[in-house]
Each structure stands twice: as structure tokens, then as C-alpha cells.
Amino acid sequence: MTSTVIRTRIAPSPTGFLHLGTARTALFSWAYARHYGGQFVLRIEDTDVARSTQDSVEQILASMKWLGLEYDEGPVYQMQRLERYHAVVQQMIEAGTAYYCYCTPQDLDEMREGQKARGEKTRYDGRWRPEAGKTLPPVPAGVKPVVRFKNPLEGDVTWEDLVKGPITINNREIDDLIIMRPADGGAEAGGNANGDAQSGQGAAARLGVPTYNFAVVVDDWDMAITHVFRGDEHINNTPWQINIFRALGAPLPQFGHIPVILGDDGLKLSKRRGAVSVTAYEENGYLPEGMLNYLARLGWSHGDDELFTREQLVQWFDGTHIHKSPAQWDPAKLEWVNAHYIKQADDERLATLVTAQLAKRGLSAPERLPALCALFKDRCSTTVALADWLSMYVAPVTPSEEDKATHLTDAVKPAIRTLADKLDALAAADWTKAAISAAIKETITAHGLKMPQLAIPVRVLVCGRAQTPSVDAVLELFNKEILVNRLRSV
């Protein structure tokens, strides 16, 4: 199968959430396909039936949707393709590029122990590998065989990696890997993640389940994938896969292995090391355009550009300028990027997001929420931070004892009571920033104060904090009754 159309894919395993490294790989694959007018495929590699879950599938799909990484095909589920893998294995056995191996787990343990004792590299010793003039052991009774790929014994595997450059691995460094495990009922341990558990398990029990390095080759061949971007932990898998492609007479995709993302501790981010899921960042108030911008810049660059749109990313991402060294996850940088997009975001959209954040706290959204978002968004890097600010409009505030002692002095309390009376006297139609500002100015004049001497105590009482945007703008958006009651609590 050949194709002149560039086709990329992302192929997460639904054994947990879509973590940040996979999301970045998906982004690079998507941007590359879009840059060249190609196609992007989503494949769900769910052959680890004991650990794959429907919840993980749904989280992966939700993450892709939130990031806006729309795919042209998929999701394709491996567990729906077992018949195809089985057919290819049979073809390979008939062609002599694969063979049955009857080693038991005990045989393999003894093999490895012997190799360790002799100071040799532990690997499959080829005892069931058919060769001209070789006599194979008798087939043991009751042992279900695996199928192994007959890897070339000589020569090198070389490819021009899209990120790393030329890579060569000698075939003697790799052995005859297992490409199909027997139909031993192991599929019954878990549910087929695509929701079609009965048919998936039934096929697995009948045919067996392919291993990763085999299934991925058949999938990429059938789906006409031309370019594979993935984490550089897969470099050691690539020689096997290239050899299987060649054994099948299938066209080779180009490979690009992307360095890992390191956490604050200098260790690789991974779902097993507590890497936060993509959807967790959505829940924590990040915008998809902020996350997309940050992920793209994490291991790729376009000059000195730090902030760019989705459209600019597609225009610029031609597969070059992907960094060869690991990227460092920087939460402060992500917040800075996201703050940029919070400031740019439409206020109605922010109001919807803040409403959801407030609902998690059991709070109703305040009136005039879009106007509140407009007033406070310049101070916030997430919608959670924005909800923190705006919760004072609908929930009681508790000023710190330090702020109360510093600002709510006996000297200023009479002025606060005067302001409360003036604001209480305003008609609903007169509840404007200008009228509130006039009431404040009249009060400071009457009591011989300066603006900060009254404005800061008012902020402390009404907002629970000493610093806010312009005090008249902040007060205008309060419910008058709530505001006056807080002022009179002094």
C-alpha cells in the first residue's frame, strides 16, 4: 500500500490518562500533517486488555477534543483488528519470516540464567528458529506456542531519523521477538476498551493477541502512515519494526523520535511517575490555546517566538527545529503563556468557564459575570484564579487579622459608616461607577482623609484583601445589599 499523501498518527494506550508527553507527540503529528495538507489518524492501542479501560478511552478522546486536535480517521481500535493480525502472522509463517516457539516460561528463565552465568547478554537463543539443516526439538505436549519474528542475523538497520539524524543498530543487537502470544484466555482479565468487550475477548481467546512491535507495523502499513513521530524511548523498537516492514514488503514510514519531557526533579514525566493528565489542566483552569502553545514550544522552536496561534503553528511546523535534547517542564512558564490567552479571551467565554469553576465550590455565578471577568482577567493566569477573585461577589470574605489590624483603625471606622450610608441611599438606577466614586470622594472630604486611607479599608472589608483593581470599578459590580452589609460590619 502506497500513498503520496502525508499521513501521521497518534496511538495512545488506554491504560491511563493521556499524559503530557503523548499530548505533545499528538500535537507535533497533527501540526505536521496539517502543514503539508495531509491526514492525521487516531488509533487506540488497546491490546493490553488486562489494563485497558473504557474510562481511559473516554479521557483520551476528551483530551484530544479539548486541545482541538481533530483527526481525519479514527478512533481505530486494535482489538477490532485481531483477525487482520492473525492473517498477517499466518502469511509470515508460510513465507518463513516467522515461526512457532514452544519455549515455556521455565525454559526462558533457565535460558536467561545460563546466559547471565556465562556473562552473556540475555536474549532468546533461537532454539526453535528453523534453519536449513537444523533439527528442531520435539514439540512438547500441552504447550501453546508463541509466534516469533525471524529477525535477520547479519547486517545493520539504518534510518534517517527526522529528529536525531542517522541511526544504525546492528541486527545482532536484537533477537527474534515474539509477535503473537497464544490464545490462552488472557483477554478475559479485562474489558475491551472500545466497549465491544465480548467480540474483542472472543477473538483474543480464539486467535491470541499480537505484541506491540508487530501490531504497530501492521497498523501503520494498513493505514498508509508515512511519518511516525513518537518518544525516543521507542528507538530500540524501531529496528525490529523496520525489519518486519521489510519482511512484509511494506513501505517504510519515516520516523522521528522526540526527546522526553523532564519534570522538576529532572526525571522523565510519565503516567507512572505522577504526570498530570491533560484533562487535569483543563479542570485547573488552563485554556486549550495556552496548553497547545506551551506544548508546541516544549521541544520545538520557531526563532525566538514564544507566543503564537494555532494557525501560525501549522504554518511553521515543517518537521524541522525539533530539539534533540530533553525539554524541561516549567509550570511558571505555562502559567505565563496561559495568562496571555486569559487576557485575550472573550469575556462571555471566560464567564462560562468561571461559572463551572464556581459551581465546583457550590457557588452560583454573580450577576454581570462577563464584566467581572473583563475587570479581573489581567490579574489571572487561570480560570481558577479568576474564580478565586470573583467568589467574593457571591461568598462571604474573611479578611486576615493582619489586614484588619493595619487598616481598620478606629480613625477610619466613622468614614466607613458614612460611606455605607451614602451607598445605601443610591437608587438602583444610580448604582454606577461614577456615583460610587462621587460617594467615596465626598466621604474622604468630609472626614479629612486621603483616598488610600479609605479605599484600602473598604477593600479589606468588602473584598477580604487589601489590593484590588480600581475600588469604584470593583464596588460597582457588587450587589448593593451585600456591599453595604459588609461595610456596616465594622
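Side-chain atoms are counted along with the backbone in the values below, which use heavy atoms only and exclude waters and symmetry mates. Numbers here simply count residues along the sequence, with the first being 1.
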Problem set entry | Nearest heavy-atom neighbours spanning D305 and R297 | O-NE, 3.2 Å

Problem set entry | Heavy-atom donor-acceptor pair, Q328 side chain to G263 backbone, under 3.5 Å | yes

Problem set entry | Nearest-0.5 Å distance, OG1 of residue T383 to CG of residue L350 | 8.0 Å

Problem set entry | Steps toward side-chain contact (heavy atoms from CB on, under 4.5 Å) verdict (L262, W329) | CA-CA 6 Å; L262 302 179; W329 185 262; over 6 Å; no

Exercise. Is it true that the side chains of T352 and E348 contain a donor and an acceptor less than 3.5 Å apart?
Worked result: no

Exercise. Aromatic ring centroids of F308 and W300 under 6.0 Å?
Worked result: yes

Exercise. T53 and D55: side chain to side chain donor-acceptor pair (under 3.5 Å), yes or no, with the steps?
Worked result: CA-CA 5 Å; T53 68; D55 286 345; 5.5 Å; no

Problem set entry | Donor-acceptor contact present, side-chain S56 to main-chain G16, <3.5 Å | yes

For this session: Check the pair L313 / L27 against side-chain contact (heavy atoms from CB on, under 4.5 Å), numbers first and verdict last.
Result: CA-CA 10 Å; L313 172 62; L27 173 59; 3.7 Å; yes

For this session: Count the heavy atoms belonging to other residues, nucleotides or ligands that lie under 6.0 Å from NZ of K65, then report whether that count exceeds 12.
Result: no

Exercise. Can you tell if the side chain of P152 reaches within under 4.5 Å of the side chain of N243, non-hydrogen atoms only?
Worked result: yes

Exercise. Considering only heavy atoms from C-beta outward, does the side chain of L358 approach that of P366 to under 4.5 Å?
Worked result: yes

Exercise. Could you give the distance from OH (Y71) to OG (S29), rounded to the nearest 0.5 Å?
Worked result: 15.0 Å

For this session: Under the salt bridge (charged side-chain N to carboxylate O under 4.0 Å, His left out) rule, what do D346 and K377 come out as? Steps first, then yes or no, please.
Result: CA-CA 10 Å; D346 176 77; K377 66 182 181 181; over 6 Å; no

Exercise. For G319 and I322, which heavy atoms make the closest approach, and how far apart are they?
Worked result: O-CD1, 3.8 Å

Exercise. With a 4.5 Å limit on heavy-atom distance, are the side chains of P239 and W159 in contact?
Worked result: yes

Exercise. Between R230 and T238, does a side chain to side chain donor-acceptor pair (under 3.5 Å) hold up when you go through it step by step?
Worked result: CA-CA 11 Å; R230 57 190 179 190; T238 305; 2.9 Å; yes

Exercise. Given Y99 and D176, is the side chain to side chain donor-acceptor pair (under 3.5 Å) satisfied, shown in steps?
Worked result: CA-CA 10 Å; Y99 61 93; D176 291 0; 2.6 Å; yes

Exercise. How close do T468 and V474 get, heavy atom to heavy atom, and via which atoms?
Worked result: OG1-CG2, 3.8 Å

For this session: Hey, could you give me the CD1/NZ distance between I93 and K150, rounded to the nearest 0.5 Å?
Result: 12.5 Å

Problem set entry | Ring centers of Y36, Y32 separated by less than 6.0 Å | yes

Exercise. Does a salt bridge link R81 with D222, judged by any charged N lying under 4.0 Å from a carboxylate O?
Worked result: yes

Problem set entry | Pairwise side-chain contact, P259 with K164, heavy-atom cut-off 4.5 Å (strictly under) | yes

For this session: Answer yes or no: is there a donor N or O on one side and an acceptor on the other, between the side chain of W431 and the main chain of E476, under 3.5 Å?
Result: yes

Exercise. Ignoring hydrogens and geometry, is there a side-chain-to-backbone donor-acceptor pair from R43 to A11 under 3.5 Å?
Worked result: no

Problem set entry | Minimum side-chain heavy-atom gap L42-L61 below 4.5 Å | yes

For this session: In plain terms, say whether E70 and R34 are close enough for a salt bridge, that is, a side-chain N and a carboxylate O under 4.0 Å apart.
Result: yes

Problem set entry | Lys NZ or Arg CZ of R84 over W221 ring: under 6.0 Å, within 45° | yes

Exercise. Are V228 and R9 side-chain neighbours, meaning at least one heavy-atom pair lies under 4.5 Å?
Worked result: yes

Exercise. Just by distance, do the side chain of D175 and the backbone of Y124 share a donor-acceptor pair under 3.5 Å?
Worked result: yes

For this session: Could you tell me whether D347 and R368 make a salt bridge, using a distance below 4.0 angstrom between a side-chain N and a carboxylate O?
Result: no

For this session: Go through the steps for L483 and L475 under the test side-chain contact (heavy atoms from CB on, under 4.5 Å), then give the verdict.
Result: CA-CA 7 Å; L483 172 56; L475 299 185; 3.7 Å; yes

For this session: Could you tell me whether the side chain of H257 and the main chain of G231 form a donor-acceptor pair under 3.5 Å?
Result: no

Exercise. Could you state the interatomic distance from CD (Q241) to NE2 (H234), rounded to the nearest 0.5 Å?
Worked result: 8.0 Å

Exercise. Any side-chain donor-acceptor pair under 3.5 Å between T211 and N213?
Worked result: no

Exercise. Looking only at atom types and distance, does a side-chain atom of K324 sit under 3.5 Å from a main-chain N or O of G165, one as donor and one as acceptor?
Worked result: no

Exercise. I60 and side chain to side chain contact (heavy atoms under 4.5 Å, CB included): which partner among T279, T22, I44, V278?
Worked result: I44

For this session: Please lay out, stage by stage, how V397 and V462 fare under the test side-chain contact (heavy atoms from CB on, under 4.5 Å).
Result: CA-CA 7 Å; V397 297; V462 177; over 6 Å; no

For this session: Starting from the C-alpha separation in whole Å, work towards a yes-or-no answer on side chain to side chain donor-acceptor pair (under 3.5 Å) for D46 and Q78.
Result: CA-CA 6 Å; D46 57 347; Q78 287 185 326; over 6 Å; no

Exercise. Of all heavy-atom pairs between H227 and P253, which one has the smallest distance, and what is that distance?
Worked result: N-CB, 4.3 Å

For this session: First locate atom CD of E160, then atom CD1 of I167, and finally report the distance between them rounded to the nearest 0.5 Å.
Result: 9.0 Å

Exercise. Are E233 and K268 side-chain neighbours, meaning at least one heavy-atom pair lies under 4.5 Å?
Worked result: yes

Problem set entry | Greater than 12 external heavy atoms within 6.0 Å of Q344's CD | yes

Problem set entry | Min side-chain heavy-atom separation Y212-N237 under 4.5 Å | yes

Exercise. So, for Y294 and D330, which heavy atoms are closest and what is the spacing to 0.1 Å?
Worked result: OH-N, 2.7 Å

Seminar exercise, completed: In short, G290 meets V337 closest at the heavy-atom pair O-CG1, 3.6 Å

For this session: Salt-bridge test for R7 and D72: reply yes if a basic N is under 4.0 Å from a carboxylate O, no otherwise.
Result: no

For this session: Report yes or no: does H35 contribute a side-chain atom to a donor-acceptor pair with the main-chain N or O of V314 at less than 3.5 Å?
Result: yes

Exercise. Counting only N and O atoms by type, is there a donor-acceptor contact under 3.5 Å from the side chain of N151 to the main-chain atoms of W240?
Worked result: no

Exercise. Out of curiosity, L363 CG to M392 CE, how far, rounded to the nearest 0.5 Å?
Worked result: 13.0 Å

For this session: Using atom types as modelled and distance alone, determine if a side-chain donor or acceptor of R465 lies under 3.5 Å from a backbone N or O of R459.
Result: no

